[in-house]
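Here is the structure we will look at, set down as structure tokens.
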There are 4 protein chains.
Amino acid sequence: MSQQLENKGTQTLPSVKERATRRRNQRSHQAILKATAELLEEKGYGDVCIEAIASRARVGKQTIYRWWSCKAAVIMEAFATQAARDNLLPDTGSVEQDLCQILQQMFTLLTKTTTGVALCGLIAETQIDPSLVEAFREQFIKSRRQVTRTILERGIERGELRKGLNLELVIDAIYGPVWYRMLLKHAPLDDAFAEELVSFLIVGIQATDVKAGS
Amino acid sequence: MSQQLENKGTQTLPSVKERATRRRNQRSHQAILKATAELLEEKGYGDVCIEAIASRARVGKQTIYRWWSCKAAVIMEAFATQAARDNLLPDTGSVEQDLCQILQQMFTLLTKTTTGVALCGLIAETQIDPSLVEAFREQFIKSRRQVTRTILERGIERGELRKGLNLELVIDAIYGPVWYRMLLKHAPLDDAFAEELVSFLIVGIQATDVKAGS
Amino acid sequence: MSQQLENKGTQTLPSVKERATRRRNQRSHQAILKATAELLEEKGYGDVCIEAIASRARVGKQTIYRWWSCKAAVIMEAFATQAARDNLLPDTGSVEQDLCQILQQMFTLLTKTTTGVALCGLIAETQIDPSLVEAFREQFIKSRRQVTRTILERGIERGELRKGLNLELVIDAIYGPVWYRMLLKHAPLDDAFAEELVSFLIVGIQATDVKAGS
Amino acid sequence: MSQQLENKGTQTLPSVKERATRRRNQRSHQAILKATAELLEEKGYGDVCIEAIASRARVGKQTIYRWWSCKAAVIMEAFATQAARDNLLPDTGSVEQDLCQILQQMFTLLTKTTTGVALCGLIAETQIDPSLVEAFREQFIKSRRQVTRTILERGIERGELRKGLNLELVIDAIYGPVWYRMLLKHAPLDDAFAEELVSFLIVGIQATDVKAGS
DNA sequence: CTATAACCGAGACGGTACGTCCGGTCTTACG
DNA sequence: CGTAAGACCGGACGTACCGTCTCGGTTATAG
């Protein structure tokens, strides 16, 4: 389907002497992202289509295709900011509480805002068009994993966590169940789940002398 | 999209007084399922469409719609048998080994056969058409969770596992990371992963006296 | 543009065992032709487009493309019947009166009905897409030339016209000025023009003894 | 389509006090006309579009729209000079030979140069956008008719042609068949046709005593 | 042992959305 | 300020599939 991964030029850096004429209409740009978010909220992922976005944003379809390669790319940009929100490195002093906090913040984002629907739709898209999966990981998965990795490394330094942990595995063990529930909807993403999951996983990663002391 | 969950009559049980006139052409039935599987393998999920299935199976589109409600329903049936394969209750005497074995068998299915692509595609479909998600869980998720639950319960009875475990949480902790990797493709589903994941999770579920004994 | 000349199957003869399944919806067929004629009348040739025809006829665009190769082909069929109307072989006994009559009938068709606009538009189309010109001649030019040729041949047999006339040239001399005025609109196509033109041309084709006798 | 008839200022006469700000880039002007002629020759009338002209002439589209109202206007200007070429008043002493000569010169222009394709395309355009037809007549039809009218009037003065001729009708009878063949392409525009047509028409316009004398 | 009705293949149908092309306007930076 | 470049809105293009709807033809019980 699309070979271009995401968007075709975010115009963030005008670069050095970029042929001058590259001006992008900010009105249109914003209107497209806004229309996309609205449609997602109102109609659900399946009913978001380029024509509807263009029509609602009062924009030519060509203007969308000029800057994005496909529907998924537009949605990715529309939710990039949203999805990055609240991904702050917590510092409660306890790994268990840090993890619990980032998960609870994430659950709020996924269940109380349109972002959850958007991300599920995007994951769906990556299955239908495999060329999108890497861009999706970069945009929406990587940074939360990175924050989590930092929390874990800090725990190891403090002696709170066992040395020699396979951090990637631990991170998969944290986020896997989250997305599993998010996508299959067999159980809710609530605060209780965050607490239970973290307190369950923490056992496997705590330093043994801590365990001994209990 | 579809309100019908799956297929409209698999003719498995002639039932009581089947109205007699229920003659379904087995040639067509099989050809459709075969064509579906072939297309999935050859072209990928995105290029499987009803018209392509009908054309390849040399079948009228109506014949597909007569027996299934949508593309997803056809694919579900086409892979129902495949996906159920090897979901046997193992009995090695050790929960760790039991879990490892079912995961490794599952990984083979997901990575060495078309079934993996099919199931990822179906999960995608459930995001676009939410009415499908329950049927998907019933067909492809439930039975493996059940087998896993049995393994865990047996471990508790044996005293190998801690009492009072939230089994649903544990099962999410096992399968979540699997689907997370399967869908996002950031790391492989191989035997090493199965072993590492299980040996990591087992710590949190083992009975404490076992731990003490170690 | 189009390689297909006109329409893709008028279904006039079901032929011998024509694969059976070729049924064409007469409701749609007629609705398309009707919508085309209406649009031509209401909006003029330049505003007739496939989308407008489809929309007005409450028909899918595909249904149009299934049976015709392009807009021009639809319009040709829509006006084929109209354009053939009144192309009867007159028989007044005099070549001059015969010619005058067919011209006056033609002028009525061209100036009092939508057919004139349609034919001018089609001639335009043949200039833009040269592959259409032959079909246009077959449909709209040939038969009137044939009738005219018959009138002239009859005149020769009767001794009314000179032998050895280049009939094709004479026919060009009759219809050329008609289309010239029709397309360039510098002078009207009225009964007076028909009479003047014919009485002017007749001199060049009359038998010399007739001339001498006058 | 266009309400402006032709071009918006050909800068032929600098006039009195040209407002100073009238500097038109001659490089662009010529490049546009050249590109137009090339495209017409290479791709045919149907593929000439403003974007293609602009791109080939390395000119902004705006520069085209600033000086011309539509594609047709550009083409008209591009061929105005060409089309006027060889429209000289001949003077062989014989109307028949004069007419034959101007027709043969015209045929060369129409069949050996791109001008023929251009003029046919322009006639097509006048059918789709009726507001163009008058400009077309002024530019490409009028002057040849005028020359022809002069030839005929000279013939009348000389006593070679009958008095009281409807000259407009005669001129239609001369050029009608030419454009008829040019547009419908059912027969060639060659020297033989010019001779035959003229010698056919001359009979109807010759003075009767000339006829009697023969 | 028909006959009759559901099934079947084929594919036409009304639609929706696709991604592209071009028309004509507007905006920016350069010369 | 005219220009090259090209983004912009809009509208039509021709295509791909959707899910529904006829067609005849085939087939396998029910009468």
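Only a predicted model underlies this, so the values are computations on that prediction, with no experimental measurement involved. Just so it is clear: chains get the letters A, B, ... in the order the sequence lines come, proteins before strands, and each one is counted from 1.
Here the side chain of B:Lys71 pairs a donor or acceptor atom with the backbone of B:Val48 at under 3.5 angstrom. In terms of modelled atom types and a separation under 3.5 Å, the side chain of B:Thr36 and the main chain of B:Ile32 share a donor-acceptor contact.
Put simply, the side chain of B:Leu132 reaches to within 4.5 Å of the side chain of B:Cys70, judged on heavy atoms. No side-chain heavy atom of B:Trp67 sits under 4.5 Å from any side-chain heavy atom of B:His29. Between D:Tyr45 and D:Ile75, the closest side-chain pair of non-hydrogen atoms falls below 4.5 Å.
An OP1 or OP2 oxygen of F:dA7 is reached within less than 4.0 angstrom by no side-chain nitrogen or oxygen of A:Ser28. One finds no side-chain N or O of C:Arg24 lying less than 4.0 angstrom from the OP1 or OP2 phosphate oxygen of E:dC13. Dashed line: the shortest gap from a side-chain N or O of C:Arg23 to OP1 or OP2 of E:dG11 is not under 4.0 Å. Residue C:Trp67 has a polar side-chain atom (N or O) positioned under 4.0 Å from OP1 or OP2 of E:dC13. Taking side-chain N and O atoms only, A:Thr63 has no distance below 4.0 Å to OP1 or OP2 of F:dA7. A close approach under 4.0 Å does not occur between any side-chain nitrogen or oxygen of D:Arg66 and OP1 or OP2 of E:dC26.
Rounded to 10 degrees, the angle separating the terminal axes of the helix from E:dC1-F:dG31 to E:dG31-F:dC1 is 10°, with each axis obtained from five end pairs.
Listed by chain and residue number, C:Phe140 satisfy the ring pair (Phe, Tyr, Trp, His ring centres under 6.0 Å) test with C:Phe136 (two or more places apart in sequence, or in another chain). With sequence neighbours left out, the side chain to side chain donor-acceptor pair (under 3.5 Å) criterion links B:Glu38 to B:Lys34, B:Arg56. Residues satisfying the side-chain contact (heavy atoms from CB on, under 4.5 Å) test with A:Arg58, not counting sequence neighbours, are none. Partners of C:Lys43 under the side chain to side chain donor-acceptor pair (under 3.5 Å) rule, at least two apart in sequence or in another chain, do not exist in this structure.
In this structure, B:Trp68 atom CH2 and F:dT20 atom P are separated by 16 Å, rounded to whole Å. Residue C:Ile64 contributes atom CD1, which lies 9 Å from atom P of E:dG14 at whole-angstrom precision.
Residues from residues 39-62 of chain C lying near DNA chain F, meaning a heavy-atom separation below 4.0 Å, are C:Cys49, C:Ile50, C:Glu51, C:Lys61, C:Gln62 in numerical order.
Side-chain atoms of D:Tyr65 lie closest to E:dG23 of the nucleotides F:dT20, E:dG23, E:dG9.
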